[in-house]
Visitor: 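Here it is, the structure, as structure tokens.
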Amino acid sequence: IKAQSLACCAYVLIVTAVYWVSEAVPLGAAALVPAFLYPLFGVLKSSEVAAEYCKDTTLLLMGVICLAASIEKWNLHKRIALRMVMIAGAKPGMLVLGFMCCTVFLSMWLSNTSTTAMVMPIAEAVLQQLISTGVGRESGTEPTRASVSQRQVRPETITEESHTIQSCSPHHENNSSVIFMNMCFIHSCMKQELCTLTESKDSRYPTKRDHMICKCLSLSITYAATIGGLITITGTSTNLIFAEQFNNRYPDAKVINFGTWFIFSFPIAIIMLLLTWVWLHFLFLGCNFRETCSLSKKRKTRREMLSERKIHDEYIKLGPISYPEVVTGVFFILMTLLWFTREPGFVPGWTSLFEKKGYRTDATVSVLLGFLLFLIPARRPFSRAPRTPAGDSAERDPDPMAPMITWKDFQNLMPWEIVILVGGGYALAAGCKVSGLSVWIGRQLEPMSGLPPWMVTLLACLLVSAVTEFASNPATLTVFLPILSALSETLQINPLHTLIPATMCVSFGVMLPVGNPPNAIVFSYGHVQISDMVKAGFGVNLIGVLVVMLAIMTWGVPLFNLTEFPDWAIARNVTGSL
């Protein structure tokens, strides 16, 4: 029966993965496969599967979407986006690096999902501004609509080119052949320009260069959120799971705390940030870093200067900051502070003021503040109605008690497909755990007993990073930590030598939208396809594994004393044997 359940779970996992990769059906629909196959095969009860589709992260996302709806409704995201572009400039390379640095900093203290959900609307506004001003077409090789139209209204261009062909022809005295060649040349030019114009009108992006910039910036945000979550113990849930399981298994080991983790992980994040930026730049923007990253005003083209001037004019059109924008900004800062001070790790958080522990999470704060946005009026007390947001054709709401956001505003932004997508990942993880498939995969590590420690760590990192592409990060780590701990004790190597790299590599599920919620959020904006995520994510995954291996073999050795099998592990090993 156990073997049958394991085989059924593996079948469901393979079928769901094939649907996700092939996109034969919508991703949300494919995520529902475990909901009916698990009960049919007897792996999980229907009620147990249904419970996996609504987790704490769902409420967290709903609260953040309420705030995002207020940000977009009152154009605060546009104000922030335009200001950011004005500071970073219109160079695509520097813009991507600036967004990555901001995202990494936020993700250090906030959850990766919250950070991505906050930053993506701002990035989307920036992309729309850059596309509308034609920044992406300056250094591209494709002709733009403007260049096509200019060439069509300049007959002297065709005359000059025709004269060039005529002068270069060895038999230019034959007028009929020259005329025929000129007509063919003119026809080919007009046909090529007409095709380019048609493609640009039919496409969401005026040129391929614009599309590449959108892909690069979108993917950079989810990768930066993942990198930032590595830096602190509270940066992501997998770090907390590791700290909790490690301290429970090895209570005498006083080596993991906020300070030691930060010292070890901060250099990893910096190196990964730079290498990931270089990789994305090479993949989507090319190798001309001098052109896309220069901050010198002398290297700016006339078109770039005009674009920056237009962006500045757009910012001026927003006018002075309005009351709803102030309220939204205050809620943004308040949500950030409450998340950070809930359980910072190095000092007691505000949750310590309550008698019962473990009841309040980031979702509690998110939903509370999101609910208040439905109550607080958008009009300042004892004042006239707020001005209509720029670019909004809707008339002013005559209701003086109209709230900051309405349910329709929330409904327009709430990505229900993402909720089902993430829930499908949790359902798969639950099935793997109950059926024993995860344990079976972990036991395949036992033949590695004859390998050196660095090879054991490398193989564990590769296996964990592969499994987490299809299963949720917390579930994967929860299954693998006891297995790797027992394996380390058997091989007489410091458990931290395998546990810390595995904990970090479990966050590198960046090749598919279902790898983690930030991937799904970025994917929902429609700029990238699964093939783009697989290609870019493979490079980021490889960069992450190599940098983590470099860290554990260099500065991690003296920091955690990895060359010796520690006494606290020996005591645990003896106790386990007894």
Side-chain angles (χ1 to χ4, degrees), residues 56-84 106 110-111 113-126 128-129 314-342 350 353-354 360-416 418-419 521:
D56 188 67
T57 53
T58 304
L59 297 178
L60 174 68
L61 182 62
M62 293 176 67
V64 171
I65 292 299
C66 289
L67 182 58
S70 182
I71 290 175
E72 293 199 13
K73 179 177 181 179
W74 302 107
N75 281 329
L76 181 60
H77 67 301
K78 187 174 182 179
R79 185 181 297 275
I80 296 173
L82 291 173
R83 172 59 67 178
M84 185 172 294
L106 289 175
L110 314 179
S111 70
T113 305
S114 303
T115 302
T116 306
M118 289 278 193
V119 176
M120 269 308 296
I122 301 174
E124 181 68 14
V126 170
Q128 296 305 322
Q129 288 295 327
E314 290 290 332
Y315 184 82
I316 297 299
K317 290 180 182 179
L318 292 176
I321 189 168
S322 64
Y323 172 75
E325 288 179 273
V326 173
V327 174
T328 304
V330 170
F331 269 60
F332 179 89
I333 297 173
L334 184 61
M335 185 177 290
T336 304
L337 291 177
L338 289 176
W339 277 342
F340 172 65
T341 57
R342 182 176 64 87
W350 56 264
L353 301 176
F354 296 89
R360 290 145 290 274
T361 64
D362 287 346
T364 309
V365 175
S366 175
V367 174
L368 171 62
L369 296 182
F371 175 75
L372 291 179
L373 289 173
F374 290 98
L375 293 178
I376 298 177
R379 183 182 299 185
R380 182 184 301 175
F382 311 107
S383 66
R384 294 179 297 176
R387 59 179 175 84
T388 304
D392 189 359
S393 59
E395 298 179 357
R396 294 181 179 179
D397 194 338
D399 185 7
M401 298 302 293
M404 291 287 295
I405 60 172
T406 62
W407 185 257
K408 185 177 180 181
D409 299 327
F410 168 79
Q411 186 71 16
N412 289 338
L413 282 185
M414 183 62 192
W416 294 110
I418 294 179
V419 175
I521 293 174

Visitor: About how many Å separate CG of Leu337 and CD1 of Ile333, when rounded to the nearest 0.5 Å?
Guide: 7.5 Å

Visitor: Looking at Thr328, Ile321, Val327, which hits side chain to side chain contact (heavy atoms under 4.5 Å, CB included) with Trp74?
Guide: Thr328

Visitor: Could you grab the distance from atom CG of Leu67 to atom CE of Met62, nearest 0.5 Å is fine?
Guide: 14.5 Å

Visitor: Does NZ or CZ of Arg379 fall inside the cone over Tyr323's six-membered ring, less than 6.0 Å from its centre and within 45° of the axis?
Guide: no

Visitor: Look up atom NZ in Lys73 and atom CG in Asn412, then write down how far apart they are to the nearest 0.5 Å.
Guide: 10.5 Å

Visitor: Looking only at heavy atoms, what is the nearest atom pair of Phe331 and Leu372, with distance?
Guide: CE2-CB, 3.8 Å

Visitor: For Val330, give me all partners under side chain to side chain contact (heavy atoms under 4.5 Å, CB included), at least two apart in sequence or on another chain.
Guide: Val326

Visitor: Please step through side chain to side chain contact (heavy atoms under 4.5 Å, CB included) for the pair Arg79 and Asn75, ending with a clear verdict.
Guide: CA-CA 6 Å; Arg79 185 181 297 275; Asn75 281 329; over 6 Å; no

Visitor: Would you indicate whether the side-chain heavy atoms of Trp350 and Arg360 approach each other to under 4.5 Å?
Guide: yes

Visitor: Tell me, please, which residues at least two apart from Val367 pass side chain to side chain contact (heavy atoms under 4.5 Å, CB included).
Guide: Leu59

Visitor: What are the two closest heavy atoms between Pro403 and Ala378, and how far apart are they?
Guide: O-CB, 3.8 Å

Visitor: Is any side-chain heavy atom of Glu325 closer than 4.5 Å to a side-chain heavy atom of Ile71?
Guide: no

Visitor: Do you know which two heavy atoms are closest between Met401 and Pro377, and how far apart they sit?
Guide: CE-CG, 3.7 Å

Visitor: Report yes if the side chains of Ser70 and Phe332 come closer than 4.5 Å at any heavy-atom pair, otherwise no.
Guide: no

Visitor: Only pairs at least two apart or in different chains count here, so list each side-chain hydrogen bond (donor to acceptor under 3.5 Å, both in side chains) that has a residue in residues 363-378.
Guide: none

Visitor: Atom OG1 in Thr58, atom CH2 in Trp416: separation rounded to 0.5 Å?
Guide: 8.5 Å

Visitor: Using modelled atom types and a 3.5 Å cut-off, is there a donor and acceptor pairing between side-chain atoms of Asp409 and backbone atoms of Ile405?
Guide: no

Visitor: Could I get the full list of side-chain hydrogen bond (donor to acceptor under 3.5 Å, both in side chains) partners for Thr116, not counting sequence neighbours?
Guide: none

Visitor: So Thr406 and Phe374, do their side chains get closer than 4.5 Å, heavy atoms only?
Guide: no

Visitor: Verify side chain to side chain contact (heavy atoms under 4.5 Å, CB included) between Met414 and Val419, making sure each step is shown before the conclusion.
Guide: CA-CA 9 Å; Met414 183 62 192; Val419 175; 3.6 Å; yes

Visitor: The criterion is side chain to side chain contact (heavy atoms under 4.5 Å, CB included); which residues satisfy it with Phe371, sequence neighbours excluded?
Guide: Leu375

Visitor: Looking at every non-hydrogen atom in both residues, tell me the closest pair between Cys66 and Gly370 and how far apart they are.
Guide: CB-CA, 3.6 Å

Visitor: Going by ring-ring contact (aromatic ring centres under 6.0 Å, His included), name the residues that satisfy it together with Phe410, two or more places apart in sequence or in a different chain.
Guide: Trp407

Visitor: Measure the shortest side-chain to side-chain distance between Thr113 and Ile521 over non-hydrogen atoms and say whether it is less than 4.5 angstrom.
Guide: yes

